Amino acid sequence: MNSYNPQEIERKWRKIWEENKTFQVDLKHAKNPYYNLMMFPYPSAEGLHVGNVYAFTGSDIYGRFRRMQGNDVFEPMGFDAFGIHSENFAIKKGIHPKILIKKNTDNFREQLKNLGCLFDWEHEVDTTRPEYYKWTQWLFLQLYKAGLAYRKKAPVDWCPSCKTVLADEQVISGQCERCDSEVIQKETEQWFFKITEYAEKLLKNLNTIDWSERTKITQKNWIGRSEGVNLKEKVKGLNIEFEVFDTVPQTFLAQTFTVIAPEHPLVKELVKNTKYEKPVMEFIEKIKRKRIEAPNEIEKDIEGIFIGRYIDNPFGTGDLPIWLASYVIAGYGTGIVNCSAHDERDFAFAKKYNIPLKLAMLPSDKELSEKVKNFETCYHHAPEGIIQEPIEMRGMTWEKARGPIIEHIEKKGFGKRGVNYHLRDWLISRQRYWGPPIPIIYCAKCGVVPVPEKDLPVLLPDVENFKPKDTGESPLALVSSFVKTKCPQCGGPARRETDVSDTFLDSSWYFFRYPSSDFKNKPFDENITKEWLPVDMYIGGQEHAVLHLLYTRFITMALKDSGFIDFEEPFKKFRAHGLLTKGGAKMSKSKGNVVNPDDYFKRFGADTLRMYLMFIGPFEAGGDWQDRGIIGISRFLEKVWALQRKPKTEIETPKIENLLHKTIKKVDQDLENLQYNTAISALMILVNALAEIPQLSVKTYKTLLLLLAPFAPHIAEELWRYLEPGSKQSIHDQKWPEYDSELIKEDTITLIVQVNGKVRDTLEVKAGISESEAKELTLSQKKVKNYILNKEIKKIIFIRNKLINIVV
RNA sequence: GGGCGAGUGGUGGAAUGGUUUACACGUAAGUUUCAAAAACUUAUGAGCGCAAGCUCAUGUGGGUUCGACUCCCACCUCGCCCACCA
C-alpha cells in the first residue's frame, strides 16, 4: 500500500461522503436527536480565521463522538453575514457588500467543507437572504405585539466612525466594539427591546442550565443585580418628590447632599425661573458638549454645580443641597444619588466644592479614626467599621448593621427595599445600510404602524451609496422609493422607518431556523422544533457572554411568553472554548501574528490540522500556536498509517489488551469533558506501543481507528476500508468502542516506598498486597534499611496499591 | 477600582493529597545516506559526583499533613473580561 497522502484521501472521502449523504440526518424521523451547534461565523474577511477552525473542530469532534454513541447528530452551519462587521469590511475594500459578502461567504463555505465536519449544508442559513430576514422582521413584530419593542428618545451611545448608535453591550470601556473609536453621547429617537423585563429570569435561570461557569458568572455580573433601598426625598419648597436608590443604606444618616445627572429631565423644572436657571443650563450644555468632544475628560475631571434647591430633610439635621455632577449617569437607578462621606467619589466631590460632610461610622483603629474624623481620608467599604448613627444601632459593625438599618428605614417610612440592575434595554436601531430594515411605518394620522406580516419581507433596497451618513440617518433615508409608502391602516401617505436592526438580532434566533430552514411559510416548524430544540450542545467564544448569549436567552423567553414554544432556555449545555494565541499574544493583524489556516491545511491536510489544534492545550483553556509543533501530529498519523503494514494476528497479548482498554476509557472520558489534548496524548501512547510489537491484531487496530475517527475522520475512514475491503460501511457509522473493566485491572503495581515522606525506592508487587506483607517486604529492602538504621520506627502509613511511608 | 483565570523543564503542556515534568516540540549524539532531507535509536529539570548515588526544584513567604504543584493564609507577576453602576 502507498504512502500516506492526506490531500488525496481527504478529497476522495469528502466527495464520497457528500455523494452518499453520509452525515445527513432525517430531521423528521430521527430516533435519537442531538442538536450540536457551534457559533456561526461572520464573513467579515476573505477567509476563515484559525480561531474559527479551532472552535469548529472542537465542536465537531464532540458531535462525531455523540454520533458514534448512537445519536442522530444535526450539525448545521451558516453565515452571520449581515451587520456592521461585514459592512465595515466592504467599506474598507470599497466594494458593495452585496457583492463582497457573497464572495466571502462562498469562500468561507469552500473552506468549511474542507475541514471534514459533519455540516449539513442542506440546512445552511444566511442572515442576509430575504427568506431569512423576513423572519427576523417577523420576530421584531412579535416583540412589538408583546409590548417588548418600544421607541424612545434618549441619550444613547454613538460611534462617530461607524456613524451609528450602539447597544450598551457594544461599548467597551467607552469605545466602539467594532472600531475602537471613542463613543460619544447623542440624543435621538431609537428602538429598544425591553430585555430588562427579563432581568430576574435571565439571572435565576442561570442556576438551571449546564453552561461554562465563567460564562454564567460574566452574565451574572452583566445583569448586575444589586439590592438596596429606594429612599423617598422631597424638594424643599416645591411639590416635587423623587426616589433615590442606595445600595449602602448604612450611610443614609451620613448624607449631606444629593447629586443629579445633568441629563436628568427633572433638572429643568427644579431651576425654572430662578437665578440658577441660566448657569445650570449652561453647565448642562457644557457637559453635553464634553460628552461629544472629550468623553474621556469627564472621567478625569469631575465637575458639578449647585442648583439652588434643597432636600427637605426628614431627619431634621439640616437642609441637604442638591447639585448636578458629571459623574452621575442618567440611566442607572433613578439618576439621582445620595451622597455621604463614606463614598470615595462623593468624598472627592464634596472636598472640591467645600460641601460639608458627616460620618455614620468610624474605624476601631484610633489613628485611622482621627484621620477619618478630620476628613483627611475617606472611610468606605469597611465591614468592620463601627456604626455611630442611628443611635439605636450604635456600636454594631457596618456589616451587621445593614439589615437592622434597612428595617429602621422602612419602619420610619423613609423608603423601601428595592432592587436595581446594571442591565439596560437593548438598543436595536442602527443607522446603517447592511441589515434588515425595521418593519415599521410612520403615518401622520395613525402614528406608528407595524408592517403587516403578509407584507414581509421589507426588502433592503439596492443602494449605490451604502456608506453611513454623518446626519444620524441611515443611507436608506435617501431612497425615496423606499421611504415613501402607504399607511397599512388608513391607506394615506406614510414613510418607512429607515434604520435597520442590530446584527445581534439576526443571530438571536438562527438556531431556530436551521432545522426548519426548508419551511417557506413559517420561521420554524412546531413539530421539528419540538423534536430538536432546545439545542443540546452549544460551543463558542466567551466573548459573546454578554452579547449574543444574553440576547438569545431573552428572545427565547419572549417567544415562550408569546406562546410560540414551550421552553425558555435555548441551550441546554454551553461550553466556552479558550483563546488561541500566538507567541503568548492574542492574534491580530496589527501584531502580525495571525495564523492562516489555509497554509497548514494545504501542507498537512485537515486531519493533521484538526488534531494539532486540539493537542495545543485544553480546549476550554485555549493554547499557544507554535508552527513547529504541528509536525508531531503529522508523525503520529504517519505512524498510524504504518501500522497497517504490520503482520496481523488473531490473538492479542494481554499487555496490549490492557493498554487498549485503558486507552478506550481515557479517550471516552476526555471526549465527554472536551479534554482533547489528553485524549490525543493517550492515543499517542497506544500507537507508540503498537509500533513496537511484532504483530498486531485486526481487532486492536480497528478499535484504535474508531477512537481516532472523531479527531481525524479522513484517515480513519481510509484505513477502516482497508481492513474491510469492499465494505460499504463507513467507520463513522460504527459503534463507539466500550472498555472492559476486567481487562483494565493490573496484576502488579508499583509500590512507592517513602521514608519520612521522601521517595527512596519503588517495588513491583502483586496488586492488592496486604499491609503486613508490604511492611515485611519493604523493611527487608537494603535501601530502606540504610535509612532506618539505628532509628526508631514511629509510624507506618500504608495506602493500598499505591504507597508505603515509614516515619522514623 | 471590580470580576474571572493562570504561574510547573529550552517551548506547548501533563499530574488536583501519594514516583513532579505524561504526551509533543526543540536540542545533542548515533544509525542510515555520496550528501542532505526524512526516518529510526539513545539522552535530555538543575547542581555535586568516576560511580552507586545525594541535594535542590512546580511565582514568593508562611501554615495544615506521615506526605503539598494540589488544601489554607498573606504577597508578587501575568492574561482575559468589565468599569464613573450610587
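What you see below is based on every heavy atom in this structure, not just the backbone, and it leaves out hydrogens, waters and symmetry mates. Since this is a predicted model, take the numbers as computed values, not measurements.
Residue contacts shown for A:Val687 are absent, as no nucleic acid heavy atom lies under 4.0 Å away. As judged by a 4.0 angstrom heavy-atom cut-off over every strand, A:Ile616 is placed among residues touching the sugar-phosphate backbone only. Within the nucleic acid shown, A:Lys758 comes within 4.0 Å of sugar-phosphate atoms alone, with no base atom in reach, counting heavy atoms only. Residue A:Ile752 is classed as a base contact, given a heavy-atom separation below 4.0 Å to a base. Nucleic acid contact for A:Thr750: base, since at least one base atom lies under 4.0 Å from a heavy atom of the residue. Within the nucleic acid shown, A:Gly335 comes within 4.0 Å of at least one base atom, counting heavy atoms only.
Side-chain contact, A:Gln219 with A:Arg553: a donor N or O sits under 3.5 Å from an acceptor N or O. Side chains of A:Thr196 and A:Asp425: a donor-acceptor N/O pair is present below 3.5 angstrom, by distance only.
Judged as a side-chain contact (heavy atoms from CB on, under 4.5 Å), and not counting sequence neighbours, the contacts of A:Arg417 are A:Ile406, A:Glu407, A:Glu410. With sequence neighbours left out, A:Thr663 forms a side-chain contact (heavy atoms from CB on, under 4.5 Å) with A:Leu659, A:Val667, A:Ala682, A:Leu683, A:Leu686, A:Leu707. Applying the salt bridge (Lys or Arg N to Asp or Glu O under 4.0 Å) test to A:Lys352 and every residue at least two apart in sequence or in another chain returns A:Asp301.
Following rounding to the nearest Å, A:Arg225 (CZ) and B:G3 (P) show an atom-to-atom distance of 19 Å.
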Notebook entry, point to check: Under a cut-off of 3.5 Å for both distances of each Watson-Crick or G-U pair, what dot-bracket string does RNA chain B give, using [ ] for crossing pairs and | for inter-strand pairs?
Noted result: (((((((..(((.....[....)))((((((.......))))))((((....))))..(((((..]....))))))))))))....

Notebook entry, point to check: Which parts of nucleotides 20-26 of chain B does protein reach within less than 4.0 Å, heavy atoms only, written one letter per nucleotide 5' to 3' as B for base, S for sugar-phosphate only and - for none?
Noted result: S-BBSBS

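A salt bridge links A:Arg575 with A:Asp210: at least one charged nitrogen is closer than 4.0 Å to a carboxylate oxygen.
Remark: A:Lys802, A:Leu803, A:Asn805, A:Val807 in residues 800-808 of chain A come within less than 4.0 Å of RNA chain B through at least one heavy atom.
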